[in-house]
Number of protein chains: 2
Amino acid sequence: MSSAIQQPRRKSFRETQFEVREEAILEATNRLLATRGYEAMSMDEIAADVGVAKGSLYRHFDSKEALAAAVMVRLLRRTRAALADQQPGLPARARLEALLRWTLTERLAGGVPQLPSGSPSLQQALLAHRDYMDELMELSESVGALIRRAKADGELREDLRDEFVLYTLYARSCDPTLDFLKAGGSMSDEEIVDQMVSACLNGVAAGRD
Amino acid sequence: MSSAIQQPRRKSFRETQFEVREEAILEATNRLLATRGYEAMSMDEIAADVGVAKGSLYRHFDSKEALAAAVMVRLLRRTRAALADQQPGLPARARLEALLRWTLTERLAGGVPQLPSGSPSLQQALLAHRDYMDELMELSESVGALIRRAKADGELREDLRDEFVLYTLYARSCDPTLDFLKAGGSMSDEEIVDQMVSACLNGVAAGRD
DNA sequence: GTCTATACTGAGATAGAC
DNA sequence: GTCTATCTCAGTATAGAC
């Protein structure tokens, strides 16, 4: 790793060191946020997990809330990237389905923090967090556009409100059904994702499978 | 209320007083659990809400967890009662749909605590709570039987696992979509319930509405 | 910038008088 | 059994040395 790659402005060792550590902090927080949730997770745990002093965390992030928000922003960015990486030619409904599948897979792999109404205090903090709200707006805009397009294509039910569909897709990523089924152990991750995607699109009632 | 109704063993005034207060505690906790969630809700709040000293709460319930568990048990009992009150002649699928509708309506009315993976610590406590687990088993058995019956009737998809359908129905009662839509304010409670039930059974994709 | 040590707060639980 | 007052502890955040 000591072989220097030539770049316009090389960063100092300490700078990269700082960034590497910050990335480690985000990674650890992400993991804890996914497993234990916001309230249950403590700054002590994060510090211990990263192998850094608790006080040092506050050099990187002003507060626990700010740290959690940073993790959420990272997640939203990854999601938007996944969306942007899709083939542009793909029909809207297929893109929505692929995005849902991507989200569920990520979640089962353990990488997704419990965004939504997990913690009221965090929720409050996020609403005030500029970057987070911006990312969320952007993502919602993109997904909203796909929903409208899919409806126009006749691939989504017209009688369901756009917001309803948006939130429904959004909510699947934190559906406790995933945890229960994974904990049950009788279904593979792949099967869980398949059934979830299928049930979301086609419902649980018989008639068209 | 002072007109005594003749009964085999009349309870003393203090006994009924005690029970009335306990009911009030459960009611307040239920409300707080529904609005703020387990972690965010404090024993001080509950005490203040009921108009009782915090210490007195511990004469009724050993701990915060025990109190929350009691509320959950009450909810499960109410749910089982709602199920038992259905017309026995009703087809299985119709009964499942009605139960889902009942649950969602209750939730939107503000009466249902966030049961599921809301709090890991509470989750842990509930697993160890005898009454709660018993009630949960009973309810799951009843609903599971309905699911199998509905499948036999050709009214539910055979390719979805029983557990998957069970948890999916269960999860709808705590779906954050409900909160988002209610907060949005552009849909009536009735419309929210209708779309939720319909989407759960028939999915969001076009093809059979 | 990172460490150790500590201040401060909120909240669950208990003690003891009445 | 209910009250007031208190204990205890976890956890966020900060101070100060290096």
Side-chain angles (χ1 to χ4, degrees), chain A residues 11-29 32-33 35-71 118-126 128-129, chain B residues 11-29 32-33 35-72 113 118-126 128-129:
Chain A
K11 283 169 185 154
S12 78
F13 176 72
R14 299 197 70 111
E15 277 174 338
T16 57
Q17 189 77 347
F18 184 80
E19 286 168 16
V20 164
R21 181 156 292 189
E22 185 152 317
E23 181 56 30
I25 293 172
L26 288 169
E27 196 54 49
T29 306
L32 285 169
L33 218 43
T35 55
R36 303 174 52 74
Y38 179 74
E39 314 268 9
M41 155 193 92
S42 74
M43 295 297 267
D44 296 78
E45 271 180 311
I46 299 173
D49 207 58
V50 179
V52 74
K54 182 166 59 165
S56 301
L57 292 181
Y58 288 87
R59 290 282 163 181
H60 292 264
F61 302 96
D62 288 342
S63 66
K64 184 184 180 183
E65 285 171 351
L67 175 50
V71 170
S119 161
S121 70
L122 177 59
Q123 205 61 7
Q124 209 55 24
L126 289 178
H129 196 283
Chain B
K11 284 172 184 151
S12 77
F13 176 72
R14 299 198 71 111
E15 277 172 337
T16 57
Q17 188 78 347
F18 184 79
E19 287 167 15
V20 164
R21 180 155 295 189
E22 184 151 318
E23 182 57 28
I25 293 172
L26 287 171
E27 198 52 50
T29 306
L32 285 169
L33 218 43
T35 55
R36 303 175 50 75
Y38 178 73
E39 314 269 10
M41 153 193 93
S42 74
M43 295 297 268
D44 297 78
E45 271 179 311
I46 299 172
D49 207 60
V50 180
V52 74
K54 181 166 63 164
S56 301
L57 293 181
Y58 287 88
R59 291 283 164 182
H60 292 262
F61 302 96
D62 288 342
S63 66
K64 185 183 180 184
E65 284 171 352
L67 175 51
V71 170
M72 304 306 264
S119 161
S121 70
L122 176 59
Q123 205 62 6
Q124 210 54 25
L126 289 177
H129 196 282

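Between the CD atom of Gln17(B) and the P atom of dC3(D) there is a distance of 11 Å, rounded to whole Å. If you take CD1 of Ile25(B) and C1' of dT2(D), they are 11 Å apart, rounded to a whole angstrom. The interatomic distance linking Phe61(B) (CZ) with dT14(C) (P) rounds to 16 Å, in whole Å. Spacing between atom CE of Met41(B) and atom C1' of dG12(C) amounts to 12 Å, rounded to whole angstrom units. For the pair Phe13(A) CZ and dT2(C) P, the interatomic distance rounds to 11 Å; values are reported in whole Å. Per the geometry, CD1 belonging to Ile46(A) stands 17 Å off C1' belonging to dT2(C), to the nearest Å. Across the protein-nucleic acid pair, Leu57(A) atom CG and dT4(C) atom P stand 13 Å apart, rounded to whole Å. Per the geometry, NZ belonging to Lys64(B) stands 21 Å off P belonging to dT8(D), to the nearest Å.
Contact annotation: side chain of Lys54(B) to base of dG12(C), donor-acceptor pair present below 3.5 Å.
Across all non-hydrogen atoms, the minimal contact from Arg36(A) to Glu45(A) is NE-OE2, 2.9 Å. The heavy-atom pair separating Met43(A) from Leu57(A) by the smallest distance is O-CD1, 3.6 Å.
Comparing dA11(C), dC3(C), dT12(D) by their closest approach to the side chain of Ser42(B) singles out dA11(C). Of the candidate nucleotides dG11(D), dC3(D), dG1(D), dC3(D) has the atom lying nearest to any side-chain atom of Ala53(B). The Asp44(A) side chain lies nearest to dG11(D) when the options are dT2(C), dT2(D), dG11(D). When distances run from any side-chain atom of Tyr58(A) to the nucleotides dG1(C), dG1(D), dA13(D), the shortest one goes to dA13(D).
Dense packing is recorded around CG of Asp44(A), with more than 12 heavy atoms of other residues, nucleotides or ligands lying under 6.0 Å away.
At dT2(C), one or more side-chain N or O atoms of Arg21(A) fall inside 4.0 Å of OP1 or OP2 (strictly under the cut-off).
Each of Leu32(B), Val52(B), Leu26(B) was compared with Ile46(B) under the side chain to side chain contact (heavy atoms under 4.5 Å, CB included) criterion, and only Leu32(B) meets it.
Comparing His60(B) and Tyr38(A) by the nucleotide of DNA chain D that holds the closest heavy atom to each, the one mapping nearer the 5' end is His60(B).
When heavy atoms are screened at a 4.0 angstrom cut-off, Ser56(A) is found touching base atoms of the nucleic acid.
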Should Phe61(B) and Thr29(B) be marked as a side chain to side chain contact (heavy atoms under 4.5 Å, CB included) after you check the CA-CA gap, both sets of side-chain angles, and the distance that decides it? CA-CA 12 Å; Phe61(B) 302 96; Thr29(B) 306; over 6 Å; no
